[in-house]
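Inspection log for the structure reproduced underneath, given as structure tokens.
Within every chain, numbering begins at 1; the chains are lettered A, B, ... in the order of the sequence lines, protein sequences first and strands thereafter.
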Amino acid sequence: MTTSHALAPAPTSGRSPFASVLRQREVPVASALVVLVIVTTIANPLFVSPQGVKDLMLNATITVIMAVGLGTVIITNNIDLSVGSILGLVAFATGTVFAAAPDIPIVFVFLIGLAIGAVLGAVNGFLVTVARVPSLVITLGMLYIYRGLNNAWAGGQQYFAGDRPAAFGRLSVDTVLGIPIITVIAVVVVVLVAVFLARTRPGRDLYAVGSDEEAARLFGIAVSRRVVTAFVLNGTLTGLAGVLYASRFNSVGATTGTGLELDIVAAAVVGGIAIFGGSGSVVGAAIGAVLLTTITSSLTALGVDKFWQQAIVGVLILTAILVERIASIRKARRLRTSEATNA
Amino acid sequence: MPDQTVTSAPEASAASPSSPRAGARDRDPSARAERALRRRRLLTGRGAIMVWALLATLLVCALTVPRFASVQTTGFLLLDAIPILMIAMPMALVVITGEIDLSVASTAGLTSATMGVLWAAGWGIPEIFVVCVLIGVVCGALNGALVTTVGLPSLAVTIGTLALYRGLALVVIGDNAVANFPPGLTSFFTSKIGGTGIPTVMIGVVVVILFFGVLLHFSSFGRALPAIGFSKEAASFVGVHVGRAKFWMFVSTGVVSALVGIYWTLRYSSARSDNATGIELAVIAAVLLGGVSIFGGRGSIPGVVAGVLIISSISYALRLGGISDVVLNVVTGLLLVGSVVTPSLISVVREKTRARRAARAVLARSAEHA
């Protein structure tokens with residue numbers, strides 16, 4: 001089929017493999033991350049001690065999974081502002097399940113969390129596609145609805161780490177080859193979703209929908225079904241993040257995950273996913289999430305006032321969209337010249 | 001008289017068209033038809049529906065919730081509604097031009113933090129106010145320049161400046177809180193006009209509402225804004241300075257957010273870096289509920305005012321009724337989703353019936369010919 005060819009990244013023929021690697025969208029954000037880690041390490045060698053690296057990975061895990069999920073939605077030129085509320089609901093559900101059935105196998109808890117996330121994501125996707133209303137509005141409404149449900153359900157109740165089986169809590173403590181188990185899960189998620197987007201027909205279709213919905217429809221792509229797919233995938237991954245959140249953090253309650261949505265959008269945007277869809281990769285989004293979470297620890301290690309952290313995050317987001325803008329202008333110019341020379 | 005402030009607007013809008021005798025004197029049928037159309041739109045347009053909904057909400061609350069119809073309710077309800085009501089005005093105009101500004105709450109936070117630091121450093125209140133407004137101008141101008149001059153998407157830009165301005169607020173004041181503002185000033189910001197329960201600062205808020213209402217509905221600048229939202233190309237083709245108009249809209253959200261920062265600081269007499277955190281989404285929810293299209297191109301100030309007041313009235317009524325106001329989230333969400341999904345579903349159904357009718361007509365005609 002021609003879709004995957006038509007939508008492949010800028011033609012790289014006639015360039016050395018090295019140059020084409022440099023042209024990858026993930027390069028700017030990945031280099032920023034590398035520079036950040038190197039500079040911090042020079043200033044404070046403890047930064048890359050085994051414990052330090054483990055902390056960095058643990059801190060990034062949940063954001064990475066959510067940024068990957070939201071990335072797929074943004075690629076279709078939609079947005080899901082309700083992810084913080086979904087995470088909260090799933091995290092509280094996890095606590096409730098353990099309170100009700102302390103001996104339940106952990107696998108079932110994960111399945112329940114994924115299922116709740118998938119259903120909530122499906123509701124978003126369904127409303128967005130059926131009502132033909134921008135996802136910003138629908139998911140802003142769903143942010144309030146899901147949060148309200150969480151409030152009504154949880155009330156003042158909180159579940160603490162002690163309420164959960166020790167094996168569940170160990171997920172975010174134990175390591176495999178020095179890598180925390182939940183980080184391994186996150187890496188697997190990133191790889192799977194990246195392959196889905198880059199190598200499968202439905203995955204490539206998400207880019208087509210995001211760059212030009214009308215053209216995608218004319219081309220015969222089931223636009224609505226693809227958009228729902230992206231929302232369900234996002235919900236499922238947010239559900240996974242919710243379960244991991246319950247494992248990693250000490251308590252879950254009515255306000256868990258409040259205000260998270262804009263952080264996740266920021267991670268995706270910094271990772272090079274264009275806010276109006278059609279381009280970017282979830283690997284980039286994942287690196288963006290790692291970058292944003294690493295800055296906190298870096299500043300502490302560098303001895304910079306922690307108050308600067310958020311301002312720097314803001315500057316990073318603005319830089320990222322500027323880079324994106326410049327890249328797209330240059331690409332448009334290159335396409336024009338190549339068209340002119342071909343003619 | 002709790003409803004005093006809110007009933008005046010719909011009465012005014014209902015009063016002008018309800019004088020058909022003046023129209024009957026006019027013999028020109030086309031002018032009469034046009035006037036009838038305008039009258040119908042004034043009474044059944046999206047903005048008007050929101051005003052009716054607000055009246056119904058207030059009536060139901062006053063009848064069913066004990067103590068809702070009271071002077072205290074008016075005071076607390078309006079004091080709580082003011083930040084969202086204020087920012088919703090310029091935000092409505094920004095959304096009508098097809099853009100969005102998520103950085104408003106952070107601008108208010110930055111203003112509040114700066115106020116605290118300057119006050120602690122011994123500055124006078126008038127100078128502080130001037131600096132605050134200037135901060136609003138600069139924050140808004142940066143958003144505006146990035147969106148219009150550089151041509152970046154406003155959603156992404158203002159997510160960036162949301163983090164940046166809040167971050168700067170933290171840099172300015174850190175973990176500290178400044179609370180020792182002059183009591184005369186802070187009590188002025190919670191004082192009421194006579195025995196009406198209406199906060200004194202409401203006068204300023206009404207000025208802001210009138211300013212943006214007149215700007216949008218009665219000035220040539222404002223009439224061009226929906227055109228920009230409909231089609232940027234078409235608008236610039238007929239001579240609208242699209243970039244300039246959007247730039248000034250962002251500056252206006254910045255300035256009004258700064259005013260809200262001042263209000264927030266003095267009302268709670270506390271300057272902190274996290275003041276007004278998260279109200280950007282509440283403002284946008286209220287604006288969309290008030291009938292402004294997220295696509296741009298459509299919306300009215302009376303509708304937005306009604307939208308804000310509906311949310312805050314229901315919230316306050318629930319709280320008075322002993323229902324936890326956290327559940328209100330669901331109400332806000334359902335109102336928002338319902339208000340955008342319903343018209344869309346209706347138009348889908350209408351479109352389908354029309355298509356079916358057209359198909360039937362074609363069939364009937366072809367049967368006639370055969």
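Neither the backbone nor the side chain of A:L316 comes within contact range of chain B; no heavy atoms are under 4.5 Å apart. Contacts between B:I159 and chain A at a heavy-atom distance below 4.5 Å involve backbone atoms as well as side-chain atoms. Contact of B:L288 with chain A is made through the side chain alone, with heavy-atom distances under 4.5 Å. No part of A:I312 comes within reach of chain B, as not one of its non-hydrogen atoms sits under 4.5 angstrom from that chain. The part of A:E261 that comes within reach of chain B is its side chain, from C-beta onward, which places non-hydrogen atoms under 4.5 angstrom from that chain. Only the side chain of A:L136 comes within less than 4.5 Å of a heavy atom in chain B; its backbone stays farther off. Contact annotation for A:I275: only side-chain heavy atoms (C-beta onward) come within less than 4.5 Å of a heavy atom of chain B. Residue A:V137 touches chain B through both its backbone and its side chain, counting heavy-atom pairs closer than 4.5 Å. Contacts between B:L102 and chain A at a heavy-atom distance below 4.5 Å involve the side chain alone, from C-beta outward. For B:A169, no part sits under 4.5 Å from any heavy atom of chain A, backbone or side chain. With a 4.5 Å cut-off on non-hydrogen atoms, B:I100 touches chain A through its side chain but not through its backbone.
Here B:S106 contributes atom OG and A:Q310 contributes atom CD; the two are 7.0 Å apart, rounded to the nearest 0.5 Å. Taking CG from B:L142 and CG from A:L318, the interatomic distance works out to 7.0 Å, rounded to the nearest 0.5 Å. Atom-to-atom distance recorded for A:I145:CD1 and B:L334:CG is 4.0 Å, nearest 0.5 angstrom. Put simply, CD1 on A:I317 and CG on B:L162 are 8.0 Å apart, with the number rounded to the nearest 0.5 Å.
In the displayed structure, A:R225 atom CZ is contacted under 6.0 Å by at most 12 heavy atoms of other residues, nucleotides or ligands.
Listed here is the closest heavy atom pair of B:A156 and A:I321: CB-CG2, 3.6 Å.
For the set B:L289, B:L168, B:V150, the count of heavy-atom pairs under 4.5 angstrom toward chain A peaks at B:V150. With respect to chain A, the highest number of heavy-atom pairs below 4.5 Å among B:L335, B:L336, B:I173 belongs to B:L336. The choice from A:L140, A:I79, A:V313 that makes the most heavy-atom pairs within less than 4.5 Å of chain B is A:L140.
Counting only distance, with no hydrogens or angles, the side chain of A:Y144 and the backbone of B:A282 share a donor-acceptor pair below 3.5 Å.
Residues B:D175 and A:F307 meet the side-chain proximity criterion, which asks for heavy atoms closer than 4.5 Å.
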**Request:** Just do the side chain to side chain contact (heavy atoms under 4.5 Å, CB included) check on B:V171 and A:D305 with the steps written out, would you?
**Result:** CA-CA 8 Å; B:V171 171; A:D305 202 4; over 6 Å; no
